[in-house]
Amino acid sequence: MDSKAPILLFDSGIGGLSVLGELRRLLPDAPVIYAADTAGLPYGEKTEAEIAARVSGLLGRLAERYRPRLITIACNTASTIALGMVREVLQVPIVGTVPAIKPAAAMTRSGAIGLLGTAATIRQAYVDNLQAEFAADKLLLRHAAPELVTAAEAALRGRAVDPAVFAAAAEGLRSQPGGDRIDTVVLACTHFPLVQPQLAAAFGDGVAFVHGAAGIARRIAHLTEGQAFLRTSPDVALVTGSLGEAETLLPVLQTYGLHSLARF
Ligand code: DGL
């Protein structure tokens, strides 16, 4: 294994930073490329076919150009739709992002779990299967909250976000039959942990949040155990959309150790 080979993290936007934050804690020396399909954002409003085509096409190009040692699809929408397909075509270990239904089922005391995700994620059979396997004896209520993706993108650019956005997401779960019993909320979109404090304020006391970022970082560390890491240049963030627009993110990208920005 080439010690300079990067770990590639992929998302539609800034959501994957929630995973990168955890990864930095475990593997501070690992060279990372953070790739965001900003021209395709939001994935949650696209069809399965569109998402599968974009994700497999872009990851194929990225793998060829940057020769990563491992790829992490740091996006629930892309993972629940395209993980199997991408694994079949790329000869690189791929770590996906799975809605954290299993840990939520172990945590809930009331037996009622809420799940916030994108519209595309919450309709996936992948989620039905997780529910059947790990939460068959629980009430699992789902709510699509695309406005939280927009809110997280704005918040990380330092823009003010109306608290009503977070209140509406909470209400989307609370207003469903049994929703008043929810004590555990799965953040099934990597953007959402980036606005967890705002969500916590909206849900009020007595609700715990669970997401996969720390588990994904542990999985990456496990799969790269014993490998040497050598960073020879600053880690880079890549975007498919406008570079000018992405530059508004540079201050926050830098706090995640991403010091330069380029298009791919
Ligand atoms: N961050 C992505 C996820 O985890 C979704 C954001 C989007 O809609 O593009 O699902």
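All values reported here derive from a predicted model rather than from experimental measurement. As the structure lists them, so they are numbered: ligands from 1, and atoms in each ligand from 1. We use all heavy atoms of the structure for the numbers below, so side chains are in, but hydrogens, waters and symmetry mates are not.
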Determine all donor-acceptor pairs shorter than 3.5 Å in which one atom belongs to a side chain in residues 75-98; sequence neighbours excluded.
residue: Asn76; atom: ND2; partner: Ala188; partner atom: O; Å: 3.4
residue: Thr77; atom: OG1; partner: Thr118; partner atom: OG1; Å: 2.9
residue: Thr77; atom: OG1; partner: Thr121; partner atom: OG1; Å: 3.1
residue: Ser79; atom: OG; partner: Ile73; partner atom: O; Å: 3.2
residue: Ser79; atom: OG; partner: Cys75; partner atom: O; Å: 2.9
residue: Ser79; atom: OG; partner: Thr97; partner atom: N; Å: 3.0
residue: Thr80; atom: OG1; partner: Asn76; partner atom: O; Å: 2.9
residue: Thr80; atom: OG1; partner: Thr77; partner atom: O; Å: 3.3
residue: Arg87; atom: NE; partner: Ile94; partner atom: O; Å: 3.2
residue: Arg87; atom: NH2; partner: Ile94; partner atom: O; Å: 2.7
residue: Thr97; atom: OG1; partner: Ile73; partner atom: O; Å: 2.5
residue: Thr97; atom: OG1; partner: Cys75; partner atom: N; Å: 3.4

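Gln198 contributes atom CD, which lies 9.5 Å from atom CG of Leu148 (distance to the nearest 0.5 angstrom).
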Could you list each N/O atom of ligand 1 together with any protein N/O atom closer than 3.5 Å, one pair per line with the distance?
residue: ligand 1; atom: 1 (N); partner: Asp11; partner atom: OD1; Å: 3.0
residue: ligand 1; atom: 1 (N); partner: Thr190; partner atom: OG1; Å: 3.0
residue: ligand 1; atom: 1 (N); partner: His191; partner atom: ND1; Å: 2.8
residue: ligand 1; atom: 4 (O); partner: Asn76; partner atom: N; Å: 2.8
residue: ligand 1; atom: 4 (O); partner: Asn76; partner atom: ND2; Å: 3.4
residue: ligand 1; atom: 4 (O); partner: Thr190; partner atom: N; Å: 2.8
residue: ligand 1; atom: 4 (O); partner: Thr190; partner atom: OG1; Å: 3.2
residue: ligand 1; atom: 8 (O); partner: Tyr43; partner atom: N; Å: 3.2
residue: ligand 1; atom: 8 (O); partner: Gly44; partner atom: N; Å: 2.9
residue: ligand 1; atom: 9 (O); partner: Ser12; partner atom: OG; Å: 2.6
residue: ligand 1; atom: 9 (O); partner: Tyr43; partner atom: N; Å: 2.6
residue: ligand 1; atom: 10 (O); partner: Asn76; partner atom: N; Å: 3.4
residue: ligand 1; atom: 10 (O); partner: Thr77; partner atom: N; Å: 3.0
residue: ligand 1; atom: 10 (O); partner: Thr77; partner atom: OG1; Å: 2.5

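The number of heavy-atom neighbours closer than 6.0 Å to CZ of Arg218, taken from other residues, nucleotides and ligands shown, is 12 or below.
Smallest separation of non-hydrogen atoms from Gly178 and Leu141: C-CD1, 4.0 Å.
Sorted by first and then second residue, the side-chain hydrogen bond (donor to acceptor under 3.5 Å, both in side chains) pairs involving residues 228-241 (not counting sequence neighbours) are Arg24-Asp235, Asp37-Thr240, Arg231-Asp235.
Here Asp128 pairs with Ala125, Arg142 under the side chain to side chain contact (heavy atoms under 4.5 Å, CB included) rule; sequence neighbours left out.
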